Amino acid sequence: MSLIAGSYEKFIWGFKLKPLKHSSDGGALTLTKLFCYPSHLSPISSVAAAGPVAASGAGDDTIHLYDLAAASSLGSLHHHSATVTALCFYTPSNLSFPRNLLSASADGSVCIFDADPFVHLTTVKVHKKGGVNSLSVHPSGKLALTVGRDECLAMVNLVRGRRSFCCRLAKEASLVGFDLSGERFFMVMGDKVGIHEAEDARLVWEMESGKRVLCAAPSESGLLYTGGEDRSVTAWDTKTGKMAYQIEDAHSTRVKGIVVLSKSTDTSGEDDPYLVTSASSDGVIRVWDVRMAMKERPLPLAEVNTKSRLTCLAGTSLKSLRRPQLGEKVSKEDTIADGAS
């Protein structure tokens, strides 16, 4: 598993999660640095990763691309005219290499790119009266959800490359994301997390954390992990709307990013992965075995201190990668924005 983190000091950090050599128990892990350098001219606001590729966006209106396997830069994209606020890769279920990259910015627009190679397909003006706060692509790759500063929830038709729906919310939402099945999505408003049906946006559950939620990540077990100003990592059961368990005081400062090791990124071949990674604003990244959180206060399996003010975190696996071969036909279900290019 590889991790990528962005910081307020404009640095990008790359780490590889590896078994610890000469460990008495086979479960000890260590975070090995892949790279670290100032990749942007402004604080980094968002990162995303899929397969061997990662991306970062910042206040310099630029997206930088990285090859995690080679620990090198892949160049940059310059199609935004405002701060890049959100990034999201789309990877078809039959591939481990991303097919598309979506990016959102503070001017309310969403850019859609082909990811192999990185080519700009189209730009959609989604939020007309404010910037985009968060972006999420449906597992089918046919639509995406965004929430913005204009207190609206919008849907983007990725097949036609245009906005298809927009509605006003009760208040501004900071995060939106589909669960791994695509049947439900979550929205974060302050300290409240709402679970909605994807078909009609009906509110199913509303969970309250007590303090502002700054990051969230779904898992295949039906749990939604959140972190924020309470400095804890909380697992919510989206089937009951109740807290499943919590790693209290996981960090000494607010949690800015969470990555769940799901089946799509699991390298062990086991049915259920148990690794969750969190990053805090004081620069500390920790890897947790969440099985221990159900029984007692766990200790992190691995930890690294970047000594910088981290703003975001993403993760991916480098193993079992499959890219489309030369001459192989890619079905239309595996592509987005076919009618937009």
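Remember, it's a predicted structure, so these values are computed and weren't measured experimentally. Here, residue 1 is the first one in the sequence, and each next residue gets the next number.
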Item to check | Ion pair Lys192/Glu206, N-O distance below 4.0 Å | outcome: no
Less than 3.5 Å apart, any donor N or O on the side chain of Thr234 or Gln246 sitting next to an acceptor on the other?
yes
So ring pair (Phe, Tyr, Trp, His ring centres under 6.0 Å) across residues 125-155, not counting sequence neighbours, yields His138-Phe178
Taken in chain and number order and not counting sequence neighbours, the residues that satisfy salt bridge (Lys or Arg N to Asp or Glu O under 4.0 Å) with Asp114 are Arg99
Sorted by chain and number, sequence neighbours left out, salt bridge (Lys or Arg N to Asp or Glu O under 4.0 Å) with Arg162 holds for none
Quick note, salt bridge (charged side-chain N to carboxylate O under 4.0 Å, His left out) partners involving residues 171-183, not counting sequence neighbours, are Arg149-Glu172
The complete set of salt bridge (charged side-chain N to carboxylate O under 4.0 Å, His left out) pairs with one or both residues in residues 2-11, sequence neighbours excluded, reads Glu9-Arg309
Transitive ILVMFWY cluster of [X], excluding itself - 4.5 Å side-chain cut-off:
X	answer
Leu299	none
Leu224	Leu175, Phe186, Val188, Val193, Ile195, Val204, Trp205, Met207, Val213, Trp236, Met243
Val284	none

Exercise. Would you find a donor on one side and an acceptor on the other, under 3.5 Å apart, between the side chain of Asp61 and the backbone of Thr83?
Worked result: yes
Practice item. Determine yes or no for a side-chain-to-main-chain donor-acceptor pair under 3.5 angstrom, with Arg168 supplying the side chain and Asp150 the backbone. Key: yes
Restricting to side-chain contact (heavy atoms from CB on, under 4.5 Å), what partner residues turn up for [X], sequence neighbours left out?
X	result
Ala71	Leu34, Phe35
Cys111	His79, His80, Ser103, Phe113, His120, Thr123
Leu17	Met1, Leu29, Leu31, Leu275, Val287, Ala302
Pro298	Ile247, Trp288, Met292, Ala293

